[in-house]
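Count residues from 1 along the sequence.
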Amino acid sequence: MTLPFRTPSRALVFAIAVAAGSGLVQGPAVAAASGPFLAHQALYDLSLVKSRGSNSVSDARGRILYNFSGNSCEGYTSEFRQVSELDSGEGKVTLSDLRSTSWEDASGKSYRFKIDTRMNDSESSPVDGIAERVGDHITVKLTQPVKKTFNIDGKIVFPTEQIQHIIAAARDGKSVLEQTVYDGSDNGEKIYNTLTVIGRPITGDRAPSSPDPSTASNAMKAMTRWPVTVSYYDSDARAKDGEQTPVYAMSFELYENGVSRALVLDYNDFVISGALDKFDVRDSKPCK
C-alpha cells in the first residue's frame, strides 16, 4: 500500500515525537517507573534506506528539528519543524513542510496540539485542537480544519503516555505491549492501535556499533536503552475489515529519559532512516 506523502510526512513527525518523548505523564505510578524526561534539542537527518513494491521511491531526504522543554508542574512543550522531499522518479518530487507544537499536562488530563502542513505550493492544512480527560472518556475539541467536538475512549493514551508505558514495560522485562494512541494527526480524528516489541536492554557501558551525538553525551553515557519496534494500525480500518497490515512501523533505541536514536521508519513501500545529527541538552527549570 502506497500512502500519499502527506500521511508519511505527518506520521513521520509524530513518530519522531513519540520516540523523543514529549513529556506527558499519566500518573504517579508511571512517572515513578520511568523517571523524568530530558529537556533537549535534537536534529535528525532523514534518508531513504530502501524502496520496495511496484510503486517505487527513488529518493527521500529531509530534516527534523525537535525541541522539548518543561517540567511536571508546568507541563511539557514540544516543537517540531520538518522539511522533507520525496522523489518518485520521472521528475515527480513532493516537498513537504510541516510545523507542529504541542503542550501536555503532566497529569495526563490535557493535550493541546497545533499542526500546519504545506505540500509543494499548496495552501497550508492546519489542525488545531485540545483533548481533555473527563471521567471515563476523552473529549476532543477541534477548531481546525473544522470546528468539531467528539469523545474517544478514556483508555486511549497520548503520545508520551505511550512512551512512559513502553519504558515501564521495558524495565519490568516485558517484550510486548499493546496501546491505542491519539496524537491529533491527519485531520485531528485519527486513532492508532499500536503493537510494541521491546528487545533486551543495552547498558550504558556497551559501546554502540554506530555512535552519534547522543552516545557521546555525558548526560547519556550511563543511560540504559532498549531496541524498540512500534507498529501503527489504523483503528477504523482494523475494526471494519480486520486489516492487520500496519500503516507504518518504527524502530529505534529508546533511552530511560525518553531520548531516542537510530530511527528506522517502514512505510511498507519504502523505508526511511532518521539519524541523530545533533543533540544538545537544555537547561530545565526545577519543579517548584
Side-chain angles (χ1 to χ4, degrees), residues 1-22 42 44-57 59-62 64 66 80 82 84 86 96 98 100 156-167 169-170 174-186 190-200 202 210 225-255 258-276:
M1 177 179 65
T2 299
L3 300 171
F5 192 56
R6 169 178 289 182
T7 304
S9 173
R10 184 166 292 169
L12 180 58
V13 169
F14 279 98
I16 300 294
V18 168
S22 51
Y44 295 88
D45 276 330
L46 309 178
S47 60
L48 182 68
V49 175
K50 62 181 176 180
S51 180
R52 62 170 83 97
S54 57
N55 298 302
S56 62
V57 173
D59 194 17
R61 52 193 173 271
I64 290 178
Y66 170 72
F80 297 88
Q82 176 194 339
S84 51
L86 182 69
S96 170
L98 190 152
S100 172
I156 291 173
V157 300
F158 299 137
T160 306
E161 286 183 274
Q162 179 189 14
I163 287 297
Q164 289 278 15
H165 287 294
I166 291 174
I167 294 172
K174 297 179 181 179
S175 60
V176 176
L177 180 65
E178 292 186 70
Q179 300 182 92
T180 304
V181 180
Y182 176 79
D183 59 18
S185 59
D186 294 321
K190 180 66 68 177
I191 295 172
Y192 288 105
N193 294 327
T194 69
L195 175 65
T196 301
V197 178
I198 306 167
R200 293 181 177 179
I202 303 170
S210 300
R225 60 188 190 275
W226 294 268
V228 173
T229 298
V230 186
S231 297
Y232 288 78
Y233 300 83
D234 185 328
S235 62
D236 291 335
R238 189 175 184 180
K240 290 178 181 178
D241 52 27
E243 175 63 52
Q244 298 295 313
T245 302
V247 177
Y248 66 94
M250 174 179 62
S251 300
F252 54 99
E253 290 184 1
L254 177 64
Y255 284 96
V259 175
S260 66
R261 65 176 301 273
L263 303 169
V264 178
L265 298 109
D266 189 340
Y267 292 103
N268 298 315
D269 281 344
F270 59 96
V271 180
I272 292 176
S273 69
L276 189 57

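Interatomic distance, CG of Asn193 versus OG of Ser231, reported as 11.5 Å (0.5 Å rounding). Atom OH in Tyr232 sits 14.5 Å away from atom CD1 in Ile191 (nearest 0.5 Å). Interatomic distance, Asp269 CG to Ser51 OG, rounded to the nearest 0.5 Å: 7.0 Å. For the atom pair CD1 of Ile64 and CG of Leu276, the computed distance is 11.5 Å after rounding to the nearest 0.5 Å. In this structure, CG on Leu254 lies 10.0 Å from OG1 on Thr196, to the nearest 0.5 angstrom.
The shortest side-chain heavy-atom distance between Tyr255 and Arg261 falls under the 4.5 Å cut-off. Taking 4.5 Å as the limit, some side-chain heavy atom of Arg52 sits within range of a side-chain heavy atom of Asp266. Within the 4.5 Å cutoff, the side chain of Leu195 has heavy atoms near those of the Tyr233 side chain. Under the 4.5 Å side-chain criterion, counting only non-hydrogen atoms from C-beta, Leu265 is not in contact with Phe252. Counting heavy atoms from C-beta outward, Val230 and Gln162 have side chains that approach closer than 4.5 Å.
Across every non-hydrogen atom of Ile198 and Ala169, the tightest pair is CD1-CB, 3.9 Å. The shortest heavy-atom contact between Val271 and Leu48 is O-CD1, 3.5 Å. Residue Gly199 comes nearest to Trp226 through the heavy atom pair O-CD1, 3.6 Å, listed as atom of the first residue, atom of the second, then distance. Nearest approach of Tyr44 to Gly274, heavy atoms of both residues: CD2-O, 3.8 Å. Between Leu86 and Ala60 the shortest heavy-atom distance is CD1-CB, 4.0 Å. Listed here is the closest heavy atom pair of Gly258 and Ile167: N-CD1, 4.2 Å.
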Exercise for the section: Go through Ile272 and Tyr248 one step at a time and tell me if the side chain to side chain contact (heavy atoms under 4.5 Å, CB included) criterion holds. Expected result: CA-CA 11 Å; Ile272 292 176; Tyr248 66 94; over 6 Å; no
Practice task
Check step by step if side chain to side chain contact (heavy atoms under 4.5 Å, CB included) holds for Gln82 and Leu46.
Solution key: CA-CA 10 Å; Gln82 176 194 339; Leu46 309 178; 4.2 Å; yes
Practice task
Check the pair Ser235 / Tyr182 against side chain to side chain contact (heavy atoms under 4.5 Å, CB included), numbers first and verdict last.
Solution key: CA-CA 11 Å; Ser235 62; Tyr182 176 79; over 6 Å; no
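A salt bridge links Lys190 with Asp234: the distance from a Lys NZ or Arg NE/NH1/NH2 to an Asp or Glu carboxylate oxygen falls below 4.0 Å.
With Thr229 contributing its side chain and Val197 its backbone, the two residues share no donor-acceptor pair below 3.5 Å.
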